Undergrad: 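One structure, pasted below without further comment.
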Amino acid sequence: MARIAFILLCHKDPEAIIDQARRLTRAGDYISIHFDASGGKETFEAIRKGLENNPNVTFATKRIKCGWGEWSLVQATLYAIEAAERDFPRATHFYMLSGDCMSIKTAEYMHDYLDREDVDFIESFDFFESDWIKTGIKEERLIYRHWFNERNNKWLFYESLKLQQRLGLRREIPEDLQIMIGSQWWCLRRRTIEWILDFTRQRKDVMRFFRTTWIPDETFFQTVVRHLVPEKEIRTRTQTFLMFTDYGMPVVFYNDHYDLLLSQDYLFARKISPEAKELKKRLGDLYAATGVKFQISNEGRSLFQFLTNRGRNGRRFAQRFWETESSLGRNRELLIIVCKKWHVAKRLVAEIKTKTDIPCLEYLFNEEGSALPDLGGIEKSLEKRTRHRRAWVRMLFDYLDTNRMVICLDPTGIDLIQDFYADRSSSRLLEIECEFTDDYLAGHAKRTGLAGDQTPEEAIERLLPTIRSDMTDESDRIRDAEFENYNRISQSNTPEENARPLARFLGIPEDKAREIVSMHYLFSD
């Protein structure tokens, strides 16, 4: 049966470290601790004293001062691994943790999980081909030497880099290595750990290379594991659940995140707030429990994004100058249909196409796969269409050789509506008011990733009022904006009542509008 040796890097909060070590060893697992040398001798001795009678605890063979982005983080990890490999011969897996991590499954579940497959869990993506690095320097991390810490000595860090670039002091990557990148939170088998330790003793050239790379904790283990272990024995994922905000900061979990964390397909979570005392106690008690069944729905990231977006009413990015200065054309009229139920708007558009000669396009700012003409590449992604919104719609007017055109938008796109209304062209707006049953909202939650097939019904029921409120709020924002030429048809109205606003919106006779809205299946789910 699997037995885990946890590798813990920490630098503060001795009481929390002692509690974490006691929790993780309660079910027969082990822990090897590296406490940062900058944390003070007295603090470290307090940790040693608090754990001195626990045979499943050991400490790194050497303590060093660690700095973010430095080789010291990798070296500290290796010191802790050496101690664990030496002192815990029964450990089958080695799991990298920080002081902010906590288990979100039972030890029983973890052991069974790790026993199922003889594999290593580590994010390991090609350094040059993947888009894992979103901002900052990339290739420069490797091909130049970094002796200074970018956070503590920013000027020296970048001046040193510039000097090497000016003098052409590029260096070669060890030719037999494919550099990989990924999260530093991994879980490796004992055999792999032994191979890594042997590798560090034999390949001094590789060790010299990584010692002066930047942020090597994201590349060293990821590269060496890929070099030593057959690809079929690697699962390119972390077992630690973590999320980041739009600003690159880790999302912090609090007491009310207990159910969400347990439903994620991970073994640990990071970062748990120091103030989340109740959450820590519940997760700590859970680790030693037996017979617990988990319903894995894995909707954490999409749910976080949904709830975060609810608080955003403005634009995320400013417009480019050519967007604000360009126009659809003074003599053109854009007819905008807004509807949360996309299939309802699409049915109405299909009928408009049949009964009129007005060109119609569906959710061109919401749906990647919309049927669109080839316009030089701008049509290929939602991001391009939205960024160049006016230029894009003007090109569609030109391509279709028309001065009137219908498009569909989701109610979340109020910024797009406002932008089109600010144009020299004319705009008209038709909102389709639909009714939302609980079954529809539950299906919407699953379609958008807010819930999964395994999400408990009670969890979905708790989520439904929030989703319903969100949809109501989107409609209220559109009405509160008081757009000119605003019209609304409703599921609760008769075809005769809906015909009048549709006729005004399309500029067609009322009897023609009545034909369009009289289809019996218009609002059906």
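The shown structure was predicted, so the numbers you read here are calculated from the model rather than taken from an experiment.
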Undergrad: May I ask you to decide if Gly291's main-chain N or O and Glu108's side chain share a donor-acceptor pair within less than 3.5 Å?
TA: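 Between the backbone of Gly291 and the side chain of Glu108 there is a qualifying donor-acceptor contact (under 3.5 Å).
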Undergrad: Would Tyr158 and Glu150 count as having a side-chain donor-acceptor pair, cut-off 3.5 Å?
TA: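 A donor-acceptor contact under 3.5 Å links the two side chains.
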Undergrad: For Asp131 and Lys138: C-alpha separation, side-chain torsions, deciding distance, then whether salt bridge (charged side-chain N to carboxylate O under 4.0 Å, His left out) applies.
TA: CA-CA 10 Å; Asp131 62 349; Lys138 185 172 181 178; over 6 Å; no
Undergrad: Quick test of your reading of the model: are Arg462 and Glu458 salt-bridged, counting only N-O distances below 4.0 Å?
TA: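 Between Glu458 and Arg462 there is no salt bridge, as every charged N stays at least 4.0 Å from the carboxylate O atoms.
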Undergrad: Do the side chains of Val393 and Phe365 get nearer than 4.5 Å, heavy atoms only?
TA: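 Of all side-chain heavy-atom pairs linking Val393 with Phe365, at least one is under 4.5 Å.
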Undergrad: For residues His444 and Lys340, determine if any side-chain heavy atom of one lies less than 4.5 Å from a side-chain heavy atom of the other.
TA: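 Yes; the side chains approach each other to less than 4.5 Å.
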Undergrad: Using distance alone, with no hydrogens and no angle criterion, decide if Glu333 and Ser425 have a side-chain donor and acceptor under 3.5 Å apart.
TA: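 The answer is no; no qualifying pair exists.
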Undergrad: Inspect the contact between Arg332 and Asp398 and indicate whether a charged nitrogen and a carboxylate oxygen are less than 4.0 angstrom apart.
TA: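 The answer is yes: the pair qualifies as a salt bridge.
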Undergrad: Under 6.0 Å from the NZ atom of Lys355, do we count more than 12 heavy atoms belonging to anything else shown?
TA: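 Yes, NZ of Lys355 has more than 12 neighbouring heavy atoms, counting only those of other groups under 6.0 Å.
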Undergrad: Counting distance only, does the side-chain N/O of Thr494 pair as donor-acceptor with the main-chain N or O of Glu497 below 3.5 Å?
TA: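 The answer is yes, because a donor-acceptor pair under 3.5 Å joins these two groups.
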Undergrad: I'd like to know if the side chain of Gln184 and the backbone of Glu218 have a donor-acceptor N/O pair within less than 3.5 Å.
TA: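 Such a contact is absent between Gln184 side chain and Glu218 backbone.
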Undergrad: State whether Arg468 and Asp473 are salt-bridged, where the test is any N-O pair (Lys NZ or Arg NE/NH1/NH2 against Asp/Glu carboxylate O) under 4.0 Å.
TA: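 Salt bridge between Arg468 and Asp473, a charged N being under 4.0 Å from a carboxylate O: no.
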Undergrad: Does Thr238 form a side chain to side chain contact (heavy atoms under 4.5 Å, CB included) with Arg270? I'd like the steps, not just the answer.
TA: CA-CA 12 Å; Thr238 176; Arg270 186 179 188 273; over 6 Å; no
Undergrad: If only atom types and distance count, is the side chain of Thr356 paired as donor or acceptor with the main-chain N or O of Lys353 below 3.5 Å?
TA: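 No: the side chain of Thr356 does not pair with the backbone of Lys353.
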Undergrad: Would you say the side-chain atoms of Glu275 and Tyr254 include a donor-acceptor pair closer than 3.5 Å?
TA: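 No - no donor-acceptor pair under 3.5 Å links their side chains.
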Undergrad: Side chains of Tyr113 and Gln239 only: does a donor on one sit below 3.5 Å from an acceptor on the other?
TA: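 A donor-acceptor contact under 3.5 Å links the two side chains.
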Undergrad: If we ignore hydrogens and angles and just use 3.5 Å, is the side chain of Gln264 paired with the main-chain N or O of Leu260 as donor and acceptor?
TA: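 The answer is yes, because a donor-acceptor pair under 3.5 Å joins these two groups.
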Undergrad: Are the side chain of His146 and the backbone N or O of Ile215 linked by a donor-acceptor pair below 3.5 Å?
TA: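 No; zero donor-acceptor contacts below 3.5 Å.
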Undergrad: Checking Lys293 against Tyr109 for the side chain to side chain contact (heavy atoms under 4.5 Å, CB included) test, could you report, in this order, the C-alpha distance in whole Å, the side-chain angles of both residues, the deciding distance, and whether it holds?
TA: CA-CA 9 Å; Lys293 302 297 182 184; Tyr109 179 97; over 6 Å; no
Undergrad: Look at Asp120 together with Arg235 and state whether they make a salt bridge at an N to O cut-off of under 4.0 Å.
TA: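 Not counted as a salt bridge, because no side-chain N and carboxylate O are separated by less than 4.0 Å.
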Undergrad: Is there a donor-acceptor contact under 3.5 Å from the side chain of Asn149 to the main chain of Asn152?
TA: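 Yes: the side chain of Asn149 pairs with the backbone of Asn152.
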Undergrad: What pair of heavy atoms forms the shortest contact from Leu400 to Pro359, and how long is it?
TA: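 For Leu400 versus Pro359, the nearest heavy atoms are CD1-CB, 3.9 Å.
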Undergrad: Applying salt bridge (Lys or Arg N to Asp or Glu O under 4.0 Å), which residue pairs with at least one partner in residues 500-511 are found, sequence neighbours left out?
TA: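 Qualifying pairs: Glu510-Arg514.
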Undergrad: Would a distance-only check, ignoring hydrogens and angles, find a side-chain to backbone donor-acceptor pair under 3.5 Å from Thr354 to Ala350?
TA: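 Yes; at least one donor-acceptor contact below 3.5 Å.
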Undergrad: Using side-chain heavy atoms (C-beta onward) and a distance below 4.5 Å, is Arg479 in contact with Arg488?
TA: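 They are in contact (side-chain heavy atoms under 4.5 Å apart), so the answer is yes.
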Undergrad: Do the side chains of Cys408 and Cys339 get nearer than 4.5 Å, heavy atoms only?
TA: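 Cys339 does not reach Cys408 side chain to side chain.
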Undergrad: Evaluate the criterion ring-ring contact (aromatic ring centres under 6.0 Å, His included) for residue pair Phe157 and Trp214; output intermediate values, then yes/no.
TA: CA-CA 10 Å; Phe157 180 91; Trp214 181 232; 4.9 Å; yes
Undergrad: Are the side chains of Thr466 and Asp470 in touch, meaning some heavy atoms are under 4.5 Å apart?
TA: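 No, too far: nothing below the 4.5 Å cut-off.
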Undergrad: Please enumerate all residues that pass salt bridge (Lys or Arg N to Asp or Glu O under 4.0 Å) together with Asp285, with sequence neighbours excluded.
TA: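 For Asp285 the salt bridge (Lys or Arg N to Asp or Glu O under 4.0 Å) partners, ignoring immediate neighbours, are Lys281.
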Undergrad: A side-chain contact here means heavy atoms from C-beta on lying under 4.5 Å apart; do Ile234 and Glu123 qualify?
TA: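 Side-chain contact under 4.5 Å: no.
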Undergrad: Check the pair Glu367, Lys346 against salt bridge (charged side-chain N to carboxylate O under 4.0 Å, His left out), reporting the backbone distance first and the verdict last.
TA: CA-CA 12 Å; Glu367 200 168 27; Lys346 289 179 179 182; 3.0 Å; yes
Undergrad: Output yes when Arg166 and Glu159 qualify as a salt bridge under the 4.0 Å nitrogen-oxygen rule, no when they do not.
TA: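 Here Arg166 does not pair with Glu159 in a salt bridge, since their nearest N and O are not under 4.0 Å apart.
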Undergrad: Looking at Gln222, Arg226, Gln178, which hits side-chain hydrogen bond (donor to acceptor under 3.5 Å, both in side chains) with Ser124?
TA: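 With Ser124 as partner, side-chain hydrogen bond (donor to acceptor under 3.5 Å, both in side chains) holds for just one option, Arg226.
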Undergrad: Would Ser475 and Glu431 count as a side chain to side chain donor-acceptor pair (under 3.5 Å) here? Give the steps.
TA: CA-CA 8 Å; Ser475 180; Glu431 182 183 7; 2.6 Å; yes
Undergrad: Run through Leu348, Ile432, Asn498 and flag the one making a side chain to side chain contact (heavy atoms under 4.5 Å, CB included) with Leu522.
TA: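 So the option named by the test is Leu348.
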Undergrad: Tyr144 and Thr213: side-chain donor and acceptor closer than 3.5 Å?
TA: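 Looking only at side-chain atoms, Thr213 and Tyr144 do not form any donor-acceptor pair under 3.5 Å.
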Undergrad: Is the shortest distance from a Lys or Arg side-chain nitrogen in Arg428 or Glu484 to a carboxylate oxygen in the other one below 4.0 Å?
TA: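 No, no charged N to carboxylate O under 4.0 Å.
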Undergrad: Could you go through the side chain to side chain donor-acceptor pair (under 3.5 Å) check for Arg477 and Thr472 one step at a time?
TA: CA-CA 9 Å; Arg477 288 179 60 207; Thr472 301; over 6 Å; no
Undergrad: Between Asn298 and Ser263, is there a side-chain heavy-atom distance shorter than 4.5 Å?
TA: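 Result no, sub-4.5 Å side-chain heavy-atom pair not found.
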Undergrad: Please determine whether side chain to side chain contact (heavy atoms under 4.5 Å, CB included) holds for the pair Leu430 and Ile489, giving the CA-CA distance in whole Å, both sets of side-chain angles, and the decisive distance to 0.1 Å.
TA: CA-CA 7 Å; Leu430 177 72; Ile489 65 175; 3.9 Å; yes
Undergrad: Is it the case that more than 12 heavy atoms not belonging to Asp480 sit under 6.0 Å from its CG atom?
TA: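 Counting other residues, nucleotides and ligands, CG of Asp480 exceeds 12 neighbours.
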Undergrad: Test Phe241 against every option in Phe268, Phe253, Trp185 by the ring-ring contact (aromatic ring centres under 6.0 Å, His included) rule and name the one that passes.
TA: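 With Phe241 as partner, Phe268, Phe253, Trp185 yield a single ring-ring contact (aromatic ring centres under 6.0 Å, His included), made by Phe253.
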Undergrad: Any donor and acceptor pair, going by atom type alone, linking the side chain of Asp126 with main-chain N or O of Glu129 inside 3.5 Å?
TA: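 It does hold such a pair.
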Undergrad: Is the shortest side-chain heavy-atom distance between Leu261 and Leu279 below 4.5 Å?
TA: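 They are in contact (side-chain heavy atoms under 4.5 Å apart), so the answer is yes.
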Undergrad: Is it possible for you to check whether Lys105 lies under 6.0 Å from the centre of the six-membered ring of Tyr266, through NZ or CZ, and within 45° of that ring's axis?
TA: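 The answer is no; the distance or angle limit is not met.
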Undergrad: Quick one about Asp439 and Thr437 (side-chain donor to acceptor, distance below 3.5 Å, no hydrogens or angles considered), yes or no?
TA: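 The answer is no; no qualifying pair exists.
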Undergrad: With no hydrogens and no angle check, is any side-chain donor or acceptor of Arg330 less than 3.5 Å from a backbone partner on Ser426?
TA: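 No, the answer is negative, given that no donor and acceptor are paired below the 3.5 Å cut-off.
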Undergrad: When you measure from the centre of the six-membered ring of Tyr399, is the NZ or CZ of Arg394 closer than 6.0 Å and no more than 45° off the axis?
TA: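 No.
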Undergrad: Determine, step by step, whether Val225 and Trp186 satisfy the side chain to side chain contact (heavy atoms under 4.5 Å, CB included) criterion, reporting the C-alpha distance in whole Å, the side-chain angles of both residues, the deciding distance to 0.1 Å, and the verdict.
TA: CA-CA 11 Å; Val225 170; Trp186 39 253; over 6 Å; no
Undergrad: Compute both the distance and the angle, then confirm whether Arg116 meets the cation-pi test with Phe121: under 6.0 Å from the six-membered ring centre, within 45 degrees of the axis.
TA: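 Cation-pi check for Arg116 and Phe121: fails.
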Undergrad: Using the side chain to side chain contact (heavy atoms under 4.5 Å, CB included) definition, which of the options Asn485, Asn487, Val338, Ile337 pairs with Leu429?
TA: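 The passing option is Val338.
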